[in-house]
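Written out below as structure tokens is the structure these notes cover.
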Amino acid sequence: MESAGAPTDQRSVRIEKMNTLRDAGILPYAERFEKTHMLAEAKVLADGTKPVRAAGRVIAVRGFGKLTFCHLLDFSGTMQFALQKNKLSGQFELFMKTVDMGDFVGIEGEIITTRTGEKTIDVSSWTFLAKSLRPLPEKFHGLTDQELVYRRRYLDLITSPEHMDRFKKRTQIIRTIRQFLDKNDFMEIDTPVLANKACGALAKPFITHHNALDIDVFLRIAPETYLKRAIAGGFERVYEFARCFRNEGLDASHLPDFTLLEYYCAYWNYEDNMNFTEQLIKHLLATVSGGLTLTYGGTQVSFDGAWPRISFRDLILKDCGIDINTCATKEDLLAQIKAKGIAFEGDVDIAHAGRGNLVDLLYKKVSRPALINPVFVIHHPLDLSPLARKNDANPQVVDRFQLVVNGWEIVNAYSELVDPLDQAQRFEEQARARAHGDLEAMEVDNDFLLCMEYGMPPISGWGMGIDRVVALLTNAPNLRDVVLFPLMRPE
RNA sequence: GCACCAUUAGCUCAGCUGGUAGAGCAACUGACUCUUAAUCAGUAGGUCUCAGGUUCGAAUCCUGAAUGGUGUACCA
């Protein structure tokens, strides 16, 4: 019977239950609990096994008067447990009076199989471990509001096992890559996140301030130039899972902070690197997905067989009939594009794009979307690649490749530029573009140039967007779905 | 950046051309020893995202804002 002043909202009711526990001499937040089994392990034990001690969150309660079935959730999964009044006496009533869905409990009991064939822990004693003051989301639908899924990921993880599995797979993917690199004598090293120059990629950086030094510093947009400094210092194979930051638009395929894996190998060129890339990705697929094909959003992608290698020039020639090698200037190329009747979207800034950027736009328009199965696109225009080595036969292009899958650039790699005089020239060209308003162009990095003047061996370097690879391998529609706690506006 | 859509109970959702707000789960009271989205009977729960406007009357129509989603353009 509800008296006039009794609490009605669920939080107050739960706080009341904590008082009931305290009155019974029980702390609502216990100090520790010793487990013998994860639930996934307990589930495969033979009937009669005891004692089995497990702990987790109560996610379902079905009471039958003197018998109650519950489901417990731990990191390994869920399992049913049963409480019988005639075996527990007062402990049975205490459970019914004080335990809500969402609370943590520890249980000890014996493995049985119920009439409906479900492995169950028949509880002989239980321990209150932690109170939840708020009701969990409804059990059948779980959380469907995308905003709540991102803002309260912990609830999403509790109620959506398939989302929890996706994050477990993320860790497995990273672990698999790390083990593969380690086995091939690469060393994992750490390079600065805070730096004086935002170098290594074409992107707008986040700027912050260091108080003691009283200088503005940049959050890194790529680890590239520091990893190359490490090679100059004598490392021969290095890698880093580098959290990087770019102050640009965010959408389903871009995050403000993301994980970029880069590795550098002395004495390799970009072709050695392509061979290694193919091994690495195939190993990853086989280990994590159990095969060389996957389905992403209804699209079948096959990683089987040798992956084609095709140059920027050949690809564009094949897809729209324009030979970029015969277009020496931006104007020539623009005339060809007009002649072929190819139109870019309205707000693409063609007027300010250089020849290289225009080639890139053309590629993204006519070629890239059709590349579903893995393809190595090679020999990019020089002015798109300020840190890449010129091709010896054709200095208008660089020894670079991108691995394109499902229309996404998954990997970007090249034979590194190690000639300091050439590098200085490239930086100057970037600085000119910057002066003309291109905020993504690089600044001159004299410290990096100095390092290069002391000498670097031949190097091939490589970068891969981990979040995108995880999204591809877990069929996630949005990069936020593979990041536990994505940045949101404050509520 | 632009366009479109969404916002109603803790969660998942109804609510028609404007007429004082509904369900399921969760909660509360009670029944029940094999259920598993348990069932049955009863009870309680609302600043309908926010601010204006139109109207006798607004969850509903109009304007603006906030937050989120999707598409689109650029950057991985």
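Numbered from 1 within each chain, the chains take letters A, B, ... in sequence-line order.
- A sub-4.0 Å separation between OP1 or OP2 of A26(B) and a side-chain N or O of Lys139(A) is present.
- A cation-pi geometry, defined here as NZ or CZ lying under 6.0 Å from the six-membered ring centre and within 45° of its normal, does not hold between Arg153(A) and Phe485(A).
- Rounded to a whole Å, the CD atom of Glu138(A) is 14 Å from the C1' atom of A14(B).
- Within the structure, every pair that satisfies the side-chain hydrogen bond (donor to acceptor under 3.5 Å, both in side chains) test and touches residues 56-68 of chain A, not counting sequence neighbours, is listed here: Arg62(A)-His71(A), Arg62(A)-Gln80(A).
- Not a single donor-acceptor contact under 3.5 angstrom links the side-chain atoms of Glu147(A) to the base of U7(B).
- Taking atom CG on Asp251(A) and atom P on C74(B), their separation rounds to 11 Å, with Å as the unit.
- Between Trp462(A) and Tyr414(A), the distance separating the two ring centers is not shorter than 6.0 angstrom.
- A sub-4.0 Å separation between OP1 or OP2 of C28(B) and a side-chain N or O of Lys17(A) is present.
- In this structure, Asp145(A) atom CG and U12(B) atom C1' are separated by 10 Å, rounded to whole Å.
- Between the CD atom of Glu118(A) and the P atom of A37(B) there is a distance of 10 Å, given to the nearest Å.
- Residue Arg62(A) places at least one side-chain N or O closer than 4.0 Å to OP1 or OP2 of A38(B).
- One C1' atom belongs to A44(B), the other to G30(B), and the distance between them is 15 Å to the nearest Å.
- Distance from the side chain of Pro135(A) is smallest to A26(B) among U33(B), G68(B), A26(B).
- One can find a donor-acceptor pair under 3.5 Å joining the base of U35(B) and the side-chain atoms of Thr114(A).
- No aromatic stack links Phe69(A) and the base of A38(B), using centre distance under 5.5 Å and interplanar angle under 30°.
- Rounded to whole angstrom, the span from the CZ atom of Phe64(A) across to the C1' atom of U35(B) amounts to 4 Å.
- Using a 4.0 Å heavy-atom cutoff across all strands shown, Arg152(A) reaches no nucleic acid atom at all.
- Screening Pro205(A), Cys199(A), Pro192(A) for a side-chain contact (heavy atoms from CB on, under 4.5 Å) with Phe218(A), the sole residue that qualifies is Pro205(A).
- Between the CG atom of Leu83(A) and the C1' atom of U36(B) there is a distance of 15 Å, rounded to whole Å.
- Within the structure, a side-chain polar atom (N or O) of Thr144(A) is placed less than 4.0 Å from OP1 or OP2 of C13(B).
- Between the side chain of Asp257(A) and the backbone N or O of Cys244(A) there is no donor-acceptor pair closer than 3.5 Å.
- An OP1 or OP2 oxygen of U67(B) is reached within less than 4.0 angstrom by a side-chain nitrogen or oxygen of Arg489(A).
- Atoms CZ (Phe140(A)) and C1' (A26(B)) sit 15 Å apart, rounded to a whole Å.
- You'll find that the side chain of Arg115(A) is closest to C34(B), out of U35(B), C34(B), U33(B).
- Counting only heavy atoms from C-beta on, Arg151(A) has its side chain closest to G68(B) among C11(B), G68(B), U35(B).
- Between Phe104(A) and Tyr29(A), the distance from one ring center to the other does not fall under 6.0 angstrom.
- You won't find any donor-acceptor pair under 3.5 Å spanning the side chain of Glu409(A) and the base of A76(B), going by distance alone.
- At a threshold of 4.0 angstrom between heavy atoms, the contacts of Asn478(A) are confined to the sugar-phosphate backbone, with no base atom among them.
- For the P atoms, the distance from G19(B) to U36(B) is 41 Å, rounded to whole Å.
- One atom, CD of Gln146(A), and another, P of G68(B), lie 12 Å apart when rounded to the nearest Å.
- A14(B) and U43(B) have their C1' atoms separated by 23 Å, given to the nearest Å.
- Out of U33(B), G69(B), A27(B), the shortest distance to the side chain of Val13(A) is found at A27(B).
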